[in-house]
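Everything on this sheet refers to the single structure shown next.
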Amino acid sequence: MRKNYKTYLVCGVLLLGLTACQAQTQPVSHTILPTETVAQIQQETYQSLQKSDGDILAVNLEATPSETEAPFFYIEVAQDTEATFSFDFTKTEGIANIGYYQQGSTEKISVPLDSSAVEQEISNELTVPLKKGMNVFYMTGDGCQCALRCELRDFDMQNIRFADTLPPAVQE
């Protein structure tokens, strides 16, 4: 009886281990949330969120980011391209990240903002690859207060199919 118990116990542990390994190997695909869901997340996260007018692709926001990814910019490009992503921010002490991904991709790029309080505006700049299709920029954090201005530049504006703070409306 004791030998059978050990056999069943080992088989059960192996089965649980195999199930856990299988669940971890499943790729995570980012999809665009419905506009209503995005609007609700934005309302909970951003005290202000405004896209610049004209030919400049820029967003200004004030936020209290949480662990939930809060999208703030949707940019659809006709073909793969690289752009300069510059951002200026101030924030209270705490964790905040900005990031982006391409719709349907399993890869995310996240940039942490300084974890200490930043009272004087800090400027950063990096080159980002925008993939053909919809690219989503988002913010996460631990509830600190942030003010952020970000801009995309140094690429062919004719390559832009869509750019806004909300996703394109779903056509029924």
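Just so you know, residue 1 is the first one in the sequence shown, and it goes up from there.
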* **Leu57-Tyr100 co-clustered via ILVMFWY side chain contacts under 4.5 Å** => yes
* Asked: With hydrophobic residues grouped by side-chain heavy-atom distances under 4.5 Å, do Tyr138 and Leu61 end up in a single group?
  -> no
* To do: Tell me, with the steps shown, if Ser48 and Asn60 meet side-chain contact (heavy atoms from CB on, under 4.5 Å).
  => CA-CA 8 Å; Ser48 67; Asn60 296 309; over 6 Å; no
* Using only heavy-atom distances, determine whether the side chains of Ser116 and Glu93 contain a donor-acceptor pair under 3.5 Å. => no
* Please examine the side chains of Val38 and Pro167, heavy atoms only from C-beta on, and report whether any two atoms are closer than 4.5 Å. => yes
* Qualifying residues under side chain to side chain contact (heavy atoms under 4.5 Å, CB included), relative to Ala78, sequence neighbours excluded -> Asn159, Arg161
* **Heavy-atom closest contact (Lys91 atom, Cys144 atom, distance)** => CE-SG, 3.9 Å
* Glu121/Arg149 under salt bridge (Lys or Arg N to Asp or Glu O under 4.0 Å): CA gap, chis, key distance, verdict -> CA-CA 10 Å; Glu121 193 170 77; Arg149 182 187 191 290; over 6 Å; no
* Structure fact -> Rounding to 0.5 Å, atoms CD (Glu62) and CG (Leu49) come to a distance of 11.0 Å
* Between Asn135 and Leu130, what is the shortest heavy-atom contact and its length? -> OD1-CA, 3.8 Å
* Hey, are the side chains of Pro65 and Thr140 touching, using non-hydrogen atoms and a 4.5 Å cut-off? -> no
* Ile75-Met134 co-clustered via ILVMFWY side chain contacts under 4.5 Å -> no
* Listed once per pair and sorted, the ring pair (Phe, Tyr, Trp, His ring centres under 6.0 Å) pairs that draw on residues 104-132, sequence neighbours left out -> none
* Which atoms form the tightest heavy-atom contact between Met139 and Leu113, and what is the distance? -> CE-CD1, 4.0 Å
* Are Phe72 and Leu126 grouped together when hydrophobic residues (ILVMFWY) are joined by side-chain heavy atoms under 4.5 angstrom apart? -> yes
* Asked: Checking Gln42 side chain against Pro71 main chain: does a donor-acceptor pair fall under 3.5 Å?
  -> yes
* In terms of hydrophobic clustering (I, L, V, M, F, W, Y; side-chain heavy atoms under 4.5 Å; direct or indirect links), are Tyr101 and Tyr74 co-clustered? -> yes
* Give a yes or no on whether the ring-centroid distance for Phe85 and Phe137 is below 6.0 angstrom. => yes
* Going from CZ on Phe87 to CG on Asn124, what distance comes out if it is rounded to the nearest 0.5 angstrom? -> 4.0 Å
* Structure fact -> Interatomic distance, NZ@Lys51 vs CG@Asp164, rounded to 0.5 Å, equals 6.0 Å
* Asked: Take atom CD in Gln43; do more than 12 heavy atoms of anything else shown fall under 6.0 Å from it?
  -> no
* Which pair of heavy atoms, one from Gly143 and one from Thr64, lies closest together, and at what distance? -> O-CG2, 3.3 Å
* Under the side chain to side chain contact (heavy atoms under 4.5 Å, CB included) test, residues paired with Asp154 that sit two or more places apart -> Thr84
* Hey, are the side chains of Tyr46 and Val59 touching, using non-hydrogen atoms and a 4.5 Å cut-off? -> no
* Output the distance between atom NZ (Lys131) and atom CD (Gln103), rounded to the nearest 0.5 Å. => 15.5 Å
